[in-house]
Structure formats: structure tokens, C-alpha cells
Amino acid sequence: MYSNSEILFSRAQQSIPGGVNSPVRAFKSVGGTPVFMKSAKGAYMTDADGKQYIDYINSWGPMILGHAYEPVTKAIVDKAAEGTSFGAPTELEIEMAELIKSMAPNVDLVRMVSSGTEACMSALRLARGYTGKNKFIKFEGCYHGHADAFLVKAGSGVATFNIQTVPGVTAGVSADTLTCAFNDLEALTQMVKLNQNEIAAIIIEPVAGNMGCIPPVPGYLEGIRALCDKEGIVLIFDEVMTGFRLAQGGAQEKLGINADLVTYGKVIGGGLPVGAFGGKKEIMQHIAPLGNVYQAGTLSGNPIAMMAGYTTLKILKDNPAIYQELEVMSSYLHQGLDDVLKAAQTPYVINRLGSMISVHFSEKPVRNFADAAAANNTLFNKFFHFLLDEGIYLPPSAFETWFLSAALVREDIDKTIDAARRFFSR
Ligand code: KE4
């Protein structure tokens, strides 16, 4: 007897490459059939067979308030009745930009786009246009979307599928992409010295989330900030995951460090396609039509997407207690897993910052991609499937971060910890 997900997956593969519209959904590294979801509410998703899961992916970050959050869905429905896309400026886009500026530090001007990829590729083009330089540095295991220049030693699905060089990304494009290990300031300093006056930007996930969750070691980001100031390099914080999640002001606020440009996605759209990039006016004013760095999008600032994002951000801004609640739940999960894994006497590391957390079955600290790749990820895959069978939905890869939503309650966390305990005592 086949499950509905198995039937749907077989049918999907007839019309969609790999049966999915984004590779990380395909369960390729953990094995098995991807679960086809039918609906979601609060902290729970229901699959095509009617099975319910406690959700620790939350659409890979966006659903910070939980699924189908009433005020957000109502705002979307009401706005849709007024028209879905005009291709002309609207007041709501101004309100969205003003709200972002009131929450995120250090943003004078912000441009809306429709994905994190668009935000990151636009920020890189802007940094290159502003400095007149071509090279940029990214970090091994960090993922900034699928624009060609970023698909060099990238994280997320590129790491999950161990794709060393992505076909179609030309040598010409990747020649200007320099890479360094995350959390290694000395290596970065050397890289900058070897490419003196040729580097337009350093782009970094201030808290890495695409090789599991890897926070910066103390002093690391401060060192990068100082290096960029000294060398005239544009520092881009890719806050697609951390933005509006770690704090209202994201990692800039949480870690107390200002970038020159910041990119956003995920939470900013409240579950609809929204990305954004912003920063100091001195740089942002080079973006067309103000300047000549061209960037555009038919659905940029789309009214429905703006309404979903605006409503979500407004709720986060007006209810700062949500961040405390997320911290309480996340540390409760952290502590519970720590107790279970310690008792299980299996090597492990739990990395966490705020409501971003990951478990690595590693004998040593996980501070960069090589550490994450060296962990016992076969054991992770078994752990993933055991919890999935128990109705607990983790990201289907050891190279991803778990995201908590404000809809989770202690009972959900207790169920998760209990399932982990049973996995290690089976
Ligand atoms: P999107 O183009 O997928 O909206 O954003 C790209 C992106 C940029 N920067 C960071 C730090 C990101 O994490 C992402 C996207 N993250 C992945 C999950 N690791 C999205 C899931 C997917 O690819 O389907």
C-alpha cells in the first residue's frame, strides 16, 4: 500500500525536475520519500496522508509566528480583494520600507525584491558598482542563494548534495569569487592581503545557518568589520535567515555590529515571496534609477507580499516579548536535547543562537564547514527519520538549521525530547 506522499512524489517527477521546486525538499541526503504537505496551522503541519508533524523547518525560516497566523492570513485575503499587482508604486511599499528602517539598525534606504537570492545578488552587484572592484569573498558552507557567483563552495543544498562545482557556473564568473573558512580571521586577513585593492565586498551570514547553525566565535565579526574599514571593502551581512529572527534588528542588533549592506528574506515576507537589501545611503544611492547600478523586478513590492511581510514585522515590533518566548522555548529544547545526548553517550555538539539550532553528531566543536562535514551525518539521517516517523519534522539535512516558531508550546518540545530519548535507547 503506497502512501499519498509516495503516489504524489511519483506523479510530481513526471513534470517537475526531481519532483520538487527546490532541491533541499527532496530528502536526497536523508533518503526516503519527501513528505507532501497539505496544510499547516500554528506549530503543526499536516501531510497528504493526514499525519500531523511538529514543525522545526517553518518553511526554512519565514513562519516565525507559526503557520496560518490569523492576522497575517486575514490581511492577505483583505488586500487581495483590492487587486494583486499594479506594477506601480504604492503607499504600502513606503510603509514597509519605513517599518524596516524602524526595526533594522543602519538602513537608510531599502529596496524590495522577491527572494533572498535576488537580495544577495543585487547587494553584490551594488558593492561592485560602488567600489569599481570585481572580486569578493564568501565563506565555505555559507549560502547566499543560487546566483552564479555564490555557487562556489556553497552551503545548504549545494553542500547536502556535495556538488563541488556547479555545471553552468562559468570559470569567468567564479574567478572573482574567493572563499575562506568560516570563523578563521587569520585566513581571511591573508586572503585580503593577497588580493590587495581588488576586493569589492565580503559577504557573510553573521550566524551561519547553511552548514547547520554555526555562530561566529568571539571577535570574529569585529575583526571582519575592522578589516573592511581598513581596506575599504563593503561588508555585506546576509541576514536572510537571521533578519527579524534573532532580534527585531536581526544579527546587527543581537551581535552589536553594523554591516554596510544587509540582505533580507524569509521572515520579512511572512511566508510570501519577499526579499530586500538595504544599507547606508552613500552606497544605496548608486542603485537605479537614482544611480546606474541596475536592479529591477516585476513583482518587487507586490501588494499582497508586502501586506504579509508588513503584518508579520509589525506584530514582531509591537510584541517584543515574542523574542523572549522564542528564547525560552529554544533554550528548553536545547537543554532537553543536551540531557538526552549526554545520557546517550554518543559524541554530539549542539550549536544555537536564539531560535536557530542544530545538532551535530561530532566529537569536536563544529565551527566551520569542514567540522560539520566530518560529523557522523549517517547517524543524523537515522535520527531524522526516527523523529519524522514520530511526527517531528526536522530539516532533511545535517547542513541545515532548525527554526523554532512562537507557536510552539512546552508539550511540543517535551514530545521532541522524548522521541530523541527513545531513538537513543532503542
Ligand atoms: P531564497 O532565494 O531561497 O529566498 O534565499 C536564498 C538564501 C540567501 N541567504 C541565506 C542565508 C539563505 O539561507 C538562503 C536560503 N536558504 C535555504 C535554506 N538553507 C532556502 C531553502 C531552499 O533552498 O529551498
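Source: prediction; values computed, not measured. Each residue takes its place number in the sequence, starting with 1. Read the numbers this way: they start at 1 and go in the same order the structure lists the ligands and their atoms.
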query: Do F150 and F136 have ring centres separated by under 6.0 Å?
result: yes
field: R111 versus S300, side-chain donor and acceptor atoms under 3.5 Å
entry: no
query: Between the side chains of D238 and T263, does any donor sit under 3.5 Å from an acceptor?
result: yes
Nearest protein heavy atom with distance in Å, relative to atom 7 (C) of ligand 1: G145 N, 3.7 Å
task: Could you check atom 2 (O) of ligand 1 against the protein and tell me its nearest heavy-atom contact, residue, atom and distance included?
output: T117 OG1, 2.7 Å
Shortest heavy-atom approach to atom 16 (N) of ligand 1 - which of K266, E400, M241: K266
query: Taking the six-membered ring for Trp, are W402 and Y56 parallel (under 30°), tilted (30 to 60°) or perpendicular (over 60°)?
result: tilted
message: Angle between ring planes, F380 versus F361, binned at 30° and 60°: parallel, tilted or perpendicular?
response: tilted
- prompt: What do you reckon, does H146 put a non-hydrogen atom under 4.0 Å from ligand 1?
  reply: no
- prompt: Are any of the side-chain nitrogens in K280 or D260 under 4.0 Å away from the carboxylate oxygens of its partner?
  reply: yes
query: Counting both backbone and side chain atoms, is some N or O of V240 under 3.5 Å from an N or O of ligand 1?
result: no
query: Backbone, side chain, both or neither: what part of E205 comes under 4.0 angstrom of ligand 1, heavy atoms only?
result: side chain
query: Is ligand 1 under 4.0 Å from a heavy atom in the side chain of V24, in the backbone, in both, or in neither?
result: side chain
